[in-house]
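Here the structure is laid out as structure tokens; the discussion comes afterwards.
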Amino acid sequence: MLDLKFVRGNPQKVQDVLTSRGIKYSLKDFIRLDEQRREKLFNVEQMKNRRNVVSEEIGRLKKAGKDVPDMVMEMRDLSRSIKEKDEEIKNVEGRLQEILLDIPNIPHESVPVGKDAADNTVVRKWGKQRNFGFTPRPHWEIGENLDILDFERGGKVTGTRFCFYKGLGARLERALISFMLDLHTGEHGYTEIFPPFMVNRQSMIGTGQLPKFAEDMFKIEGTEYYLIPTAEVPVTNLYGNEILDGGKLPISHCAYSACFRAEAGAAGRDTRGLIRLHQFNKVELVKFCKPGEAYDELEKLTGHAEKVLQLLGLAYQVVVLCTGDLGFSAAKTYDLEVWLPSYSDYKEISSCSNFGDFQARRAGIRYRNNKGKAELVHTLNGSGLAIGRTVAAIIENYQEADGTIIIPEVLRPYMGGLDKIS
RNA sequence: GGAGAGUUGGCCGAGUAGGUUGAAGGCGCUCGCCUGCUAAGCGAGUAUACGGGCAAAACCUGUAUCGAGGGUUCGAAUCCCUCACUCUCCGCCA
């Protein structure tokens with residue numbers, strides 16, 4: 001959420017942002033509502049002031065044994081009008097809030113201007129695409145042949161976009177989770193969190209999934225709880241409505257969680273394999289820092305996610321998202337894309353973003369600065385990494401001509417010393 | 001699921017025959033004094049949000065906030081209702 005005062009003071013800039021993100025909404029209504037609100041507020045506050053003053057006087061006079069029916073009558077009327085005015089203000093504020101909650105973040109100045117994913121720019125590449133001496137096969141084929149992935153039974157037991165991992169496949173999934181968590185806690189200084197996989201509505205609003213993207217979410221029937229689409233949601237909201245000690249910043253958390261996504265707008269895309277499931281595992285990195293540190297922290301966090309790919313020996317590229325492709329809450333995002341032979345292309349495996357104070361304002365996450373003033377923190381997060389897509393990348397990039405899979409060196413301690421899945 | 005207790009400021013904790021209590025007291029923290037050092041001691045200060053004034057900051061001023069929302073009342077932390085959460089006991093359960 002943007003600062004109301006900022007929008008008030010920079011309507012043209014905000015309007016431009018909306019336009020650049022393809023949102024056709026005129027801020028004129030908003031500005032008018034805001035003016036209305038302030039006028040009404042000023043008005044009612046004066047009335048309340050009078051009520052306070054007179055009520056106090058009534059108390060004093062009554063104590064002195066005097067009866068003041070005319071004053072009481074006047075206050076009765078005044079209170080009635082106050083109640084009406086308060087109602088009006090509440091309505092106006094509700095509408096303002098609705099609009100404000102649907103306005104996306106402002107991209108950082110370093111973000112390239114562009115229309116869609118085609119305008120994203122590659123920042124760097126790492127590793128080289130393997131030269132197979134045979135025709136590489138997609139991971140779903142290899143996985144099914146080795147009996148470590150079972151999509152068919154996933155469909156039978158639950159439905160489309162669900163999958164069973166089996167035997168060494170399940171082991172590989174678990175190994176990756178442990179490997180990533182160990183790396184981030186041991187080498188990168190993150191404190192591990194194991195969060196709830198369901199959150200309430202307020203938390204979803206805090207990180208920006210709601211109210212705008214309700215159709216992407218699974219809601220638990222009969223409750224106000226939602227399945228989390230990423231650990232970002234519970235972990236960022238961990239400090240919601242708190243004022244943190246500035247000396248403790250930056251705070252770095254990593255968290256494993258299952259992630260649940262409805263994939264409402266993705267019908268027909270990535271229908272095969274592990275790439276786009278309704279449920280997948282992910283290790284997430286989350287940071288809370290002071291405003292001045294955020295962009296340094298973004299580079300660091302991105303580097304931490306890259307480190308996972310490097311240690312696994314997977315070729316990837318780093319892409320900076322252009323204004324048109326940027327997520328709703330983000331001010332700047334780097335996507336890490338891993339080389340996937342079955343796609344003959346790089347495919348997103350991590351998304352690392354700085355949200356500035358956008359989420360912090362929604363969730364109420366502040367810290368006390370060195371002047372003793374409460375100030376919004378800046379929040380960041382990134383996948384470190386998406387587990388399912390990592391499994392896919394390992395299967396495809398480490399496959400042998402005979403259909404077996406070499407296990408990357410760093411994972412072997414987590415796989416009972418095994419060096420191959422066959 | 002049944003029965004009961006609770007939810008006050010950064011923390012602890014007062015505060016019910018409704019009235020000047022944003023809220024006693026303590027702790028913590030900040031600044032100053034004092035002091036070989038440290039500790040102790042002394043003094044002052046120490047919430048947030050949203051308005052108004054100011055070009056703006058400082059500052060001044062108003063309103064709101066004692067879990068959330070509603071009600072009663074001239075006036076509510078204090079009374080009533082609903083909800084959420086926490087705790088205890090019972091039941092159930094991994």
Side-chain angles (χ1 to χ4, degrees), chain A residues 1-10 30-101 194-206 219-220 222-226 234 237-249 251 258 288 357-377:
Chain A
M1 187 164 66
L2 300 181
D3 184 7
L4 174 63
K5 286 177 189 153
F6 178 84
V7 180
R8 187 185 295 153
N10 305 272
F30 183 84
I31 300 294
R32 207 193 57 240
L33 276 174
D34 177 50
E35 275 162 13
Q36 253 181 52
R37 167 176 173 267
R38 278 183 292 163
E39 193 186 312
K40 288 176 189 289
L41 204 56
F42 184 72
N43 216 293
V44 81
E45 283 181 357
Q46 285 188 323
M47 291 163 77
K48 285 181 179 173
N49 180 235
R50 171 150 173 83
R51 179 175 68 183
N52 288 346
V53 170
V54 175
S55 289
E56 218 174 289
E57 182 66 16
I58 291 174
R60 239 192 308 269
L61 292 172
K62 283 216 168 174
K63 214 163 237 175
K66 287 184 185 147
D67 213 15
V68 283
D70 47 334
M71 282 171 96
V72 170
M73 281 305 283
E74 189 203 334
M75 286 307 102
R76 186 176 298 172
D77 289 344
L78 183 62
S79 267
R80 220 187 324 258
S81 339
I82 286 174
K83 192 176 275 182
E84 282 168 21
K85 292 275 180 202
D86 269 343
E87 197 66 31
E88 288 174 29
I89 290 169
K90 212 169 124 187
N91 285 338
V92 172
E93 285 187 336
R95 276 150 73 196
L96 279 170
Q97 186 73 357
E98 266 174 45
I99 295 167
L100 218 43
L101 283 173
F194 189 89
F197 290 1
M198 295 181 206
V199 297
N200 60 29
R201 183 177 165 77
Q202 183 51 51
S203 296
M204 284 295 198
I205 290 173
K219 188 178 182 191
I220 309 295
T223 72
E224 272 303 310
Y225 296 156
Y226 296 81
N237 282 286
L238 190 57
Y239 302 114
N241 290 317
E242 292 189 29
I243 299 177
L244 303 169
D245 175 0
K248 297 250 168 66
L249 298 176
I251 294 172
F288 306 83
D357 62 14
F358 189 86
Q359 293 182 326
R361 183 171 296 107
R362 289 172 161 245
I365 311 168
R366 293 175 294 178
Y367 78 103
R368 216 165 275 290
N369 65 21
N370 49 23
K371 283 181 195 149
K373 276 286 171 198
E375 189 177 353
L376 293 168
V377 302

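Throughout, protein chains are lettered first and strands after them, A, B, ... in sequence-line order, and every chain is numbered starting at 1. These numbers come from a predicted model, not from an experiment.
Atom CZ of A:Arg37 and atom P of B:rC50 are 8 Å apart (whole Å). Whole-Å rounding puts the A:Met75 CE to B:rU72 P distance at 18 Å. As a whole-Å value, the separation of A:Arg368 CZ from B:rC29 P is 15 Å. When rounded to the nearest whole Å, the span between CZ of A:Arg38 and C1' of B:rG52 equals 11 Å. When the P atom of B:rA49 is taken as reference, atom CG of A:Asn241 falls 12 Å away, rounded to whole Å. A:Asp34 places its CG atom 12 Å from the P atom of B:rC50, with the value rounded to the nearest Å. The CE-P distance, from A:Met71 to B:rU73, rounds to 19 Å in whole Å. In this structure, A:Glu74 places its CD atom 12 Å from P of B:rG75, rounding to the nearest Å.
For the C1' atom pair drawn from B:rG70 and B:rG51, the interatomic distance equals 25 Å after rounding to whole Å. Rounded to the nearest Å, the gap between the P atom of B:rA14 and that of B:rG91 is 33 Å. To the nearest whole angstrom, the two P atoms, one in B:rG67 and one in B:rG6, are 13 Å apart. Using C1' as the reference atom, B:rA39 and B:rC59 are 39 Å apart when rounded to the nearest Å. Using atom P as the reference point in both B:rC81 and B:rG22, the two lie 26 Å apart (nearest Å). Comparing B:rG10 with B:rA68, their C1' atoms are spaced 22 Å from each other, to the whole Å. Between B:rA84 and B:rA23, the two P atoms lie 33 Å apart (nearest whole Å). Using atom P as the reference point in both B:rC27 and B:rA40, the two lie 11 Å apart (nearest Å).
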Please tabulate, for the side chains in residues 358-365 of chain A, all donor-acceptor contacts under 3.5 angstrom to protein atoms that are two or more places apart in sequence or on a different chain.
residue	atom	partner	partner atom	Å
A:Gln359	OE1	A:Thr379	OG1	2.8
A:Gln359	NE2	A:Thr207	O	3.1
A:Gln359	NE2	A:Glu232	OE2	2.9
A:Arg361	NH1	A:Met1	O	2.6
A:Arg361	NH1	A:Asp357	OD1	3.3
A:Arg361	NH2	A:Asp357	OD2	2.9
A:Arg362	NH1	A:Ile205	O	2.8
A:Arg362	NH1	A:Leu210	O	3.1
A:Arg362	NH2	A:Leu101	O	2.4

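With a 6.0 Å radius and a threshold of 12 heavy atoms from other residues, nucleotides or ligands, A:Glu39 has its CD atom at or below the threshold. Within a 6.0 Å sphere centred on OH of A:Tyr225, heavy atoms belonging to other residues, nucleotides or ligands number 12 at most.
Separating the CZ atom in A:Arg8 from the CZ atom in A:Arg38 is a distance of 4.0 Å, to the nearest 0.5 Å. In this structure, A:Ile58 CD1 and A:Lys63 NZ are separated by 14.0 Å, a value rounded to the nearest 0.5 Å. Here the CG atom belonging to A:Leu96 is positioned 11.5 Å from the CD1 atom belonging to A:Ile89, to the nearest 0.5 angstrom. Distance check: A:Arg368 CZ to A:Leu244 CG gives 10.5 Å after rounding to the nearest 0.5 Å. The CG atom of A:Asn200 sits 12.5 Å away from the CD1 atom of A:Ile220 when rounded to the nearest 0.5 Å. To the nearest 0.5 Å, the span separating CG on A:Leu4 from CG on A:Leu2 amounts to 10.0 Å.
Taking both residues in full, the closest heavy atoms of A:Val199 and A:Pro234 are given as CG1-CB, 4.0 Å, listed atom of the first, atom of the second, then distance. The heavy-atom pair separating A:Leu33 from A:Val92 by the smallest distance is O-CG1, 3.5 Å. Scanning all heavy atoms of the two residues, the minimum distance from A:Val7 to A:Ile31 falls at O-CD1, 4.3 Å.
Within the 4.0 angstrom heavy-atom criterion, only backbone atoms of the sugar-phosphate kind lie near A:Lys5; the bases stay farther away. Using a 4.0 Å heavy-atom distance criterion, A:Leu78 is classed as making no nucleic acid contact.
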- request: Begin from the C-alpha positions of A:Met73 and A:Asp70 and carry the test side chain to side chain contact (heavy atoms under 4.5 Å, CB included) through to its verdict.
  value: CA-CA 5 Å; A:Met73 281 305 283; A:Asp70 47 334; 5.6 Å; no
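Within residues 82-94 of chain A, the residues having any heavy atom under 4.0 Å from RNA chain B are, by residue number, A:Lys83, A:Lys90. The stretch residues 242-249 of chain A does not touch RNA chain B, since none of its heavy atoms comes less than 4.0 Å from the strand.
Between A:Ser79 and the phosphate of B:rG75, there is a side-chain N or O to OP1/OP2 separation shorter than 4.0 Å.
Contacts classified as side-chain hydrogen bond (donor to acceptor under 3.5 Å, both in side chains) and involving residues 48-57 of chain A (residues at least two apart or in different chains) are given here: A:Lys48-A:Asp86, A:Arg50-A:Glu74, A:Arg51-A:Ser79, A:Glu57-A:Arg60.
Taking 4.5 Å as the limit, some side-chain heavy atom of A:Ile251 sits within range of a side-chain heavy atom of A:Tyr239. At a threshold of 4.5 Å between non-hydrogen side-chain atoms, the residues A:Arg201 and A:Met204 do not count as touching.
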- request: Let me have a per-nucleotide readout for nucleotides 59-64 of chain B, 5' to 3', with B, S or -, counting only protein heavy atoms under 4.0 Å.
  value: ---BSS
query: Just by protein heavy atoms under 4.0 Å, how would nucleotides 78-85 of chain B read 5' to 3' in B, S and -?
result: -------S
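The listed nucleotides are B:rC74, B:rA47, B:rG51; the one nearest the side chain of A:Arg8 is B:rG51.
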field: Pair assignment for RNA chain B - dot-bracket with | for other-strand partners, Watson-Crick or G-U under 3.5 Å
entry: ((((((((.[[[..)...(.....]]]((((((.......))))))(((((((.....))))))).[[[[[..)....]]]]])))))))....
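For A:Glu93, the salt bridge (Lys or Arg N to Asp or Glu O under 4.0 Å) partners two or more places apart in sequence, or in a different chain, are A:Arg37. With sequence neighbours excluded, the residues forming a side-chain contact (heavy atoms from CB on, under 4.5 Å) with A:Phe6 are A:Asp3, A:Asn10, A:Lys13, A:Val14, A:Ile106, listed by chain and number. The ring pair (Phe, Tyr, Trp, His ring centres under 6.0 Å) check on A:Tyr367 picks up nothing, with sequence neighbours excluded. Judged as a ring pair (Phe, Tyr, Trp, His ring centres under 6.0 Å), and not counting sequence neighbours, A:Tyr226 has no contacts.
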Pull out every protein N or O sitting under 3.5 Å from an N or O of nucleotides 18-22 of chain B, one pair per line with the distance.
residue	atom	partner	partner atom	Å
B:rG19	N2	A:Ser55	O	2.7

